[in-house]
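Okay, structure first, notes after.
Sequence lines set the chain letters: A, B, ... in the order given, protein chains first and strands last, and positions in each chain run from 1.
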Number of protein chains: 4
Amino acid sequence: MPRAVREQQMLDAAVRTFARRGYRNASMDDIAEQAGVSKPLVYLYLHSKDELFAACIRREAASLVAAIRAAVEHDAPADRRLWSGLHGFFAHTAEHPDGWVLLHVQARTHGGPFALEVVAMRAEIVEFVTQALTAAARENARCGSARGTGRITGGEASGLAYALVGAAESLAEWAGDPAGGGPSAEEAAATLMNFAWTGLGSLMRGERWSSGEHTPA
Amino acid sequence: MPRAVREQQMLDAAVRTFARRGYRNASMDDIAEQAGVSKPLVYLYLHSKDELFAACIRREAASLVAAIRAAVEHDAPADRRLWSGLHGFFAHTAEHPDGWVLLHVQARTHGGPFALEVVAMRAEIVEFVTQALTAAARENARCGSARGTGRITGGEASGLAYALVGAAESLAEWAGDPAGGGPSAEEAAATLMNFAWTGLGSLMRGERWSSGEHTPA
Amino acid sequence: MPRAVREQQMLDAAVRTFARRGYRNASMDDIAEQAGVSKPLVYLYLHSKDELFAACIRREAASLVAAIRAAVEHDAPADRRLWSGLHGFFAHTAEHPDGWVLLHVQARTHGGPFALEVVAMRAEIVEFVTQALTAAARENARCGSARGTGRITGGEASGLAYALVGAAESLAEWAGDPAGGGPSAEEAAATLMNFAWTGLGSLMRGERWSSGEHTPA
Amino acid sequence: MPRAVREQQMLDAAVRTFARRGYRNASMDDIAEQAGVSKPLVYLYLHSKDELFAACIRREAASLVAAIRAAVEHDAPADRRLWSGLHGFFAHTAEHPDGWVLLHVQARTHGGPFALEVVAMRAEIVEFVTQALTAAARENARCGSARGTGRITGGEASGLAYALVGAAESLAEWAGDPAGGGPSAEEAAATLMNFAWTGLGSLMRGERWSSGEHTPA
DNA sequence: GATGAATGAGACTTCATTCAT
DNA sequence: AATGAATGAAGTCTCATTCAT
């Protein structure tokens, strides 16, 4: 059996095991057994538990980012771009729940280089969302259909993006919950769009919540 | 020194250590040393590492829920109630970052009873938010100020609540980031209100996003 | 059982095992079993295999140097001082063959800090011998009993000292050989004195070997 | 490439690696890589780590003994024979420091058959030196140039030989020290001759050191 | 109430060695 | 003749946990 295949098998097993049991609780014995190979072979190919973990993180992060990029409909209007990206995100995390848990939960437990890669990936996504929101605001202002100023500040865009990504992660967790009852990828994306798109519209009309107004505008 | 005090010291040390290093990497030696007592005493009071961890989770979860409950202004209008709860949440997590990390990050790493307690706490918060949103919709319909039907389905409310809680957690993490740049509790709560309250308003007016409309309404 | 006693027992076992099997072949399991304690206790007290080895080297080196110092008769004439030192050396190495093997054979196998300590000890002994030889030459010159110049150069003294120490080590090995047949400490010391003292006398008379003279002077 | 050449390359690599890192620390991977061949080939030719080590010892021991034999000027007088042998020894060890370290340091670390081969080689050298000394005594007695009895006992000759070999080894180590400052082969041989030859002369004159005489005769 | 002393179990990692090709 | 692929066995080290005092 060629090396590259074996290596992917090992990574598959490692992702599963790390995701389900956490870094420290996942033993190299477990992983090797899952992969159907002997422990020394894992070391021969992947050198150490740390490097194995890092390889898992890298593979899953790259896979997720690639899935999102592939899902985005580049020539569509801004809202459609945002929706397609979100849909790609939810579809991918639903199909690879272990990978998502690895990135979202386990990688943060580990200080140092591992968490940094996840932070970088997350930053990339936040950046993508921020740009999508800003682009939407610009497009909207240009076609003149909004009644307000069409302006949102950079800080507001960042805050919105953070909140949106967090909300997406939360929904992904709900969606990935094996207990069932969670939404499908389409539903999750639509929920977020309902949530975010109208919120963005309100902001662009200059509406802000303040503790003085007690009814939703 | 009375037993109750010693026990709290141990829990303090354990929360810090578990939050910073994770369950498996935190050794009982470390915790005992942090607490300034000998290891057998920790065992005398808290019986095992698992029970110690569970006690930490319980204390921090109860503390967070209590803080939110105390912050809610019960007699205020719905939006104010929601805002005050969010503000209580952000204020507490900002003041007890270790406790928050313990609940949000570490407890999920552990299968079994630990994660369940956190899930329960989270469910409690989601429930609170769902009720706040539903109440807001009812109040709003009653006072007749909305142009729409004032109806949101239960599923929509749940989805919104999930998204809101996830967004709040994401913002809390940003806010708690020692690298700085994150928002204050007030800013975070306001961002979420801007995000959620206007979105809720739109929903109540019957506006939904669909892939056919490309500009925020 | 108090800690200090246990620690010495561990060091005893470690010296034996390291000396007989070499650093790498001596397993911590072996040593712990020899010492009659569990392996974790060895780690609790001595931290690592390296530190354990270093502690052995230090103890044995200090013990040997102390034995030589104690044996030297400080107020005696130079030759008697040299003899008493040599005798102390041979007596100690004969009584602690494992310690001697540890210093002479095993410590050199290991690069880095271990060998350096042995090199330092050896340098100390060489220095002692060099001074004894120089002092003997001075005394001898003062009392006028020598027919020659009474001069030996520093380089010659160093070379002699190196050779003498090497010869002593070789004889110690012979003496320590369990196969028997080796000399007693007294015999070994006397052999070296016959070897060195008369050689020194010849040198002081200005006699040097050269390839032209074929008979011992 | 013919087998014999490959085999020598492997032995070269093995000698270097064993000498620099010790038996246990030298891995077959290292050696194979050094030799520029694959590991199974090493096993095909040399069967096991132990046999490889033994082959190294044998080759280096034979090489050293051969160098000494070749250096001895058989028809010269006794002192010249001894000197030429010593010179050959120092020249060879200086030229093949790894081989010398292998024999002098590493082989002793290993119990069993390895050390025995080195012991045998050493015994051969000691025997050669003993015979050279005895022959010198006989020649000297025959030509009548000595004032004493010309007699030394067999035990004295053996002790002298042991001391001489040990001194030579010590000087070889000094000479081989990469830190420099050590003597050249010529200087080392001359130092030993000064040391030994005059000492032998004294012995043959019947002079012995005893604790009663405090000045070199 | 409190602790110094001690250990069984298990983790990561390395390495000599062998097949199938 | 030569090697890529693979593993059983063993070693160092850590840690939760318990007594005797």
Side-chain angles (χ1 to χ4, degrees), chain A residues 1-7 10 23-32 35-53, chain B residues 1-3 6-7 23-32 35-53, chain C residues 1-7 10 23-32 35-53, chain D residues 1-3 6 23-32 36-53:
Chain A
M1 183 171 304
R3 169 167 180 158
V5 175
R6 274 268 200 260
E7 218 169 292
M10 291 179 196
Y23 179 83
R24 283 290 306 250
N25 254 345
S27 79
M28 295 299 269
D29 278 288
D30 293 343
I31 293 170
V37 298
S38 74
K39 207 172 18 162
L41 196 57
V42 180
Y43 277 90
L44 189 60
Y45 285 177
L46 289 146
H47 312 314
S48 77
K49 196 182 188 181
D50 264 30
E51 281 192 42
L52 173 57
F53 192 64
Chain B
M1 183 171 307
R3 169 167 179 158
R6 274 263 206 262
E7 218 169 291
Y23 179 83
R24 284 289 306 252
N25 260 342
S27 79
M28 296 297 270
D29 279 287
D30 291 343
I31 294 170
V37 299
S38 75
K39 208 173 15 164
L41 196 57
V42 179
Y43 276 88
L44 189 63
Y45 285 178
L46 289 146
H47 314 312
S48 79
K49 195 183 187 183
D50 265 28
E51 283 192 43
L52 173 56
F53 191 65
Chain C
M1 183 170 305
R3 169 168 181 157
V5 175
R6 275 269 201 258
E7 218 168 292
M10 292 179 195
Y23 179 83
R24 283 289 307 249
N25 255 343
S27 81
M28 295 299 269
D29 278 288
D30 291 344
I31 294 171
V37 298
S38 72
K39 204 171 23 162
L41 197 57
V42 179
Y43 277 92
L44 189 61
Y45 285 177
L46 288 145
H47 313 313
S48 77
K49 197 182 187 183
D50 264 28
E51 280 192 43
L52 173 56
F53 191 64
Chain D
M1 184 171 304
R3 169 165 180 159
R6 273 265 205 263
Y23 179 82
R24 284 288 306 250
N25 260 342
S27 80
M28 295 297 270
D29 278 288
D30 291 344
I31 293 171
V37 298
S38 75
K39 210 173 15 166
L41 197 57
V42 179
Y43 277 88
L44 188 63
Y45 286 178
L46 289 144
H47 313 312
S48 79
K49 195 182 188 183
D50 264 28
E51 282 192 43
L52 172 57
F53 191 65

Over how many whole Å does the gap from [X] atom [atom1] to [N] atom [atom2] extend?
| X | N | atom1 | atom2 | value |
| --- | --- | --- | --- | --- |
| A/M10 | F/dA5 | CE | P | 11 Å |
| A/L44 | F/dG4 | CG | P | 11 Å |
| C/L52 | F/dG11 | CG | C1' | 15 Å |
| A/F53 | E/dA11 | CZ | P | 17 Å |
| A/E7 | F/dG4 | CD | C1' | 14 Å |
| A/L41 | F/dG4 | CG | C1' | 11 Å |

Could you work out, with side-chain hydrogen bond (donor to acceptor under 3.5 Å, both in side chains) as the rule, every residue matching [X], not counting sequence neighbours?
| X | answer |
| --- | --- |
| C/E7 | C/R3 |
| D/Y23 | D/D50 |
| A/S38 | none |

(Q) With a 4.0 Å cutoff (strictly under), does any side-chain N or O of C/R3 reach OP1 or OP2 of E/dA6? (A) no

Q: Dot-bracket for DNA chain F, please, read 5' to 3', with Watson-Crick or G-U wobble pairs under 3.5 Å on both distances, ( ) within the strand, [ ] crossing, | other strand, . unpaired.
A: .||||||||||||||||||||

Q: Applying side-chain contact (heavy atoms from CB on, under 4.5 Å), name anything that partners A/Y43, two or more places apart in sequence or on another chain.
A: A/M28, A/K39

Q. When rounded to the nearest 0.5 angstrom, what is the spacing between CG in C/L52 and CE in C/M10?
A. 9.0 Å

**Q.** From C/H47 atom NE2 to C/L44 atom CG, the distance as rounded to the nearest 0.5 Å
**A.** 8.0 Å

**Q.** Which atom of A/R6 lies closest to which atom of A/L41, heavy atoms considered
**A.** NE-CD2, 4.0 Å

Q. Of all heavy-atom pairs between B/V42 and B/V37, which one has the smallest distance, and what is that distance?
A. CG2-CG2, 3.9 Å

Q: Scan nucleotides 12-18 of chain F nucleotide by nucleotide, 5' to 3', and note B when protein non-hydrogen atoms come under 4.0 Å of the base, S if they reach only the sugar-phosphate, - if neither.
A: BBBBSBB

